Novice: 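Please find one structure pasted underneath; my questions will follow.
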Amino acid sequence: MMVAIPMDAMMRVYHYNPCSATMFALYEVSGERKDIRYRFVETRLNPWEKHQGQMVCDPKIKVCECEIDFAKDPHHISEHYALLEVLGKCDYLIVDSYCLNTLYAMKSVGIKIHKIPPFVKTSEEAINHFIIGANLADHLQYINPAS
C-alpha cells in the first residue's frame, strides 16, 4: 500500500491542512502482521506550491478555517482535488488536521485519512504511528524499514 505524509520545506511532518503543505513524502508499506516493512519511495511537490497557488498562501486554508460560503463554493471545492495529481495512487493520507473538502476529495478516489497526534515530527514516526494505529502489525518490534 502507498502512504502519503504532508511535509514542510524542512522535511518535517506538516500538521496543518495538507492542501497547504509544501510537499508529500510517499512510502510503500508491505508485509504481513508479523513482518511489516516500509520504504521511502519519493517526495512530490504540492501542485499548489509548484504554481504558487492560493491554497499554500491563504492562512485560512492552512488552519482549516474556510468560511461556510467559501467551503461550499464549487471552485474552492475543486481546488482540493488538485492534490490528487500527486496523491492519486495512494491508499492513505497521514495528517494531523484537514478540512471537510479535503476529506471528500480523498474519499472520492478511495484514499483513507489516518490522523496522527501533533507531537509526531518525522515521517518515520508518522509511518510507525500509522502502522500501529491502523492495527497492521502485531508488535512494534516487527516493523522494519525495508533494505
Side-chain angles (χ1 to χ4, degrees), residues 1-31 36-137 140 142-147:
M1 84 178 65
M2 290 298 291
V3 177
I5 305 167
M7 307 296 285
D8 65 15
M10 302 297 290
M11 293 300 293
R12 296 175 300 218
V13 173
Y14 188 75
H15 288 280
Y16 301 101
N17 192 343
C19 290
S20 61
T22 302
M23 66 190 86
F24 295 87
L26 300 182
Y27 283 83
E28 180 180 44
V29 178
S30 61
I36 300 292
R37 297 192 181 274
Y38 63 88
R39 73 175 182 87
F40 172 76
V41 176
E42 66 181 323
T43 57
R44 292 187 183 165
L45 196 60
N46 181 341
W48 289 109
E49 183 74 25
K50 198 181 326 181
H51 304 295
Q52 298 174 349
Q54 172 186 349
M55 297 292 270
V56 295
C57 303
D58 191 338
K60 290 181 181 179
I61 300 292
K62 181 178 178 179
V63 293
C64 305
E65 291 181 353
C66 301
E67 291 128 10
I68 298 299
D69 294 338
F70 190 52
K72 292 181 180 178
D73 175 30
H75 177 71
H76 175 71
I77 291 169
S78 68
E79 289 176 328
H80 287 76
Y81 286 80
L83 287 184
L84 298 178
E85 181 180 319
V86 294
L87 303 178
K89 302 283 183 192
C90 292
D91 299 293
Y92 284 91
L93 174 61
I94 298 175
V95 296
D96 180 1
S97 63
Y98 56 92
C99 66
L100 283 177
N101 288 329
T102 300
L103 173 66
Y104 297 148
M106 297 303 118
K107 264 183 132 173
S108 73
V109 294
I111 297 174
K112 298 175 185 81
I113 292 182
H114 179 79
K115 292 262 304 163
I116 56 169
F119 58 80
V120 172
K121 301 295 182 214
T122 67
S123 58
E124 299 256 331
E125 290 172 343
I127 285 291
N128 284 323
H129 185 278
F130 164 72
I131 291 170
I132 294 166
N135 200 23
L136 299 178
L140 180 58
Y142 295 114
I143 301 171
N144 303 302
S147 307

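Just so you know, these numbers come straight off a predicted model, no measurement behind them. Heads up: numbering here begins at 1 and tracks the sequence.
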Novice: Please name the pair of heavy atoms, one in Tyr14 and one in Ser20, separated by the smallest distance, quoted to 0.1 Å.
Specialist: OH-OG, 2.9 Å
Novice: Would you call Met106 and Cys90 a side-chain contact if the rule is heavy atoms closer than 4.5 Å?
Specialist: no
Novice: Take His114 and Phe130, measure what ring pair (Phe, Tyr, Trp, His ring centres under 6.0 Å) needs, and give me the verdict at the end.
Specialist: CA-CA 7 Å; His114 179 79; Phe130 164 72; 5.2 Å; yes
Novice: Report yes if some heavy atom in the side chain of Ile94 is under 4.5 Å from a heavy atom in the side chain of Val13; otherwise report no.
Specialist: no
Novice: How long is the gap from OG1 on Thr122 to CG on Asn128, to the nearest 0.5 Å?
Specialist: 8.0 Å
Novice: Nearest 0.5 angstrom please: Glu42 CD to Phe40 CZ, how far?
Specialist: 7.5 Å
Novice: Going by side-chain contact (heavy atoms from CB on, under 4.5 Å), Pro18 matches just one of Cys99, Pro6, Ser97. Which one?
Specialist: Pro6
Novice: Enumerate the residue pairs fulfilling salt bridge (charged side-chain N to carboxylate O under 4.0 Å, His left out) with a member in residues 7-22, sequence neighbours excluded, ordered by first and then second residue.
Specialist: Asp8-Arg12
Novice: Minimum heavy-atom separation for Leu83 and Cys19, please, with both atom names.
Specialist: CD1-SG, 3.7 Å
Novice: Does Ile116 offer a backbone N or O that forms a donor-acceptor pair with the side chain of His15 under 3.5 Å?
Specialist: no
Novice: A quick test of your reading: do over 12 heavy atoms of other residues, nucleotides or ligands sit less than 6.0 Å from NZ of Lys121?
Specialist: yes
Novice: Where do Ala105 and Leu84 come nearest, in terms of heavy atoms and distance?
Specialist: O-CD1, 4.0 Å
Novice: How many angstroms lie between atom CG of Asp96 and atom OH of Tyr16, to the nearest 0.5 angstrom?
Specialist: 9.0 Å
Novice: Roughly how far apart are Tyr38 OH and Glu124 CD, rounded to 0.5 Å?
Specialist: 3.5 Å
Novice: Looking only at heavy atoms, what is the nearest atom pair of Val86 and Leu26, with distance?
Specialist: O-CD1, 4.2 Å
Novice: Quick one: closest heavy-atom pair of Ser123 and Tyr27, and the distance?
Specialist: OG-OH, 2.6 Å
Novice: Strictly distance-based, threshold 3.5 Å: is any side-chain N or O of Thr22 a donor or acceptor partner for the main-chain N or O of Asn46?
Specialist: no
Novice: Quick check for you: to the nearest 0.5 Å, what is the distance between Met2 atom CE and Ser30 atom OG?
Specialist: 11.0 Å
Novice: Can you tell me how far CZ of Phe24 sits from CG of Leu87, rounded to the nearest 0.5 angstrom?
Specialist: 5.0 Å
Novice: Can you confirm whether Lys115 is buried at NZ, in the sense that more than 12 heavy atoms of other residues, nucleotides or ligands lie under 6.0 Å from that atom?
Specialist: yes
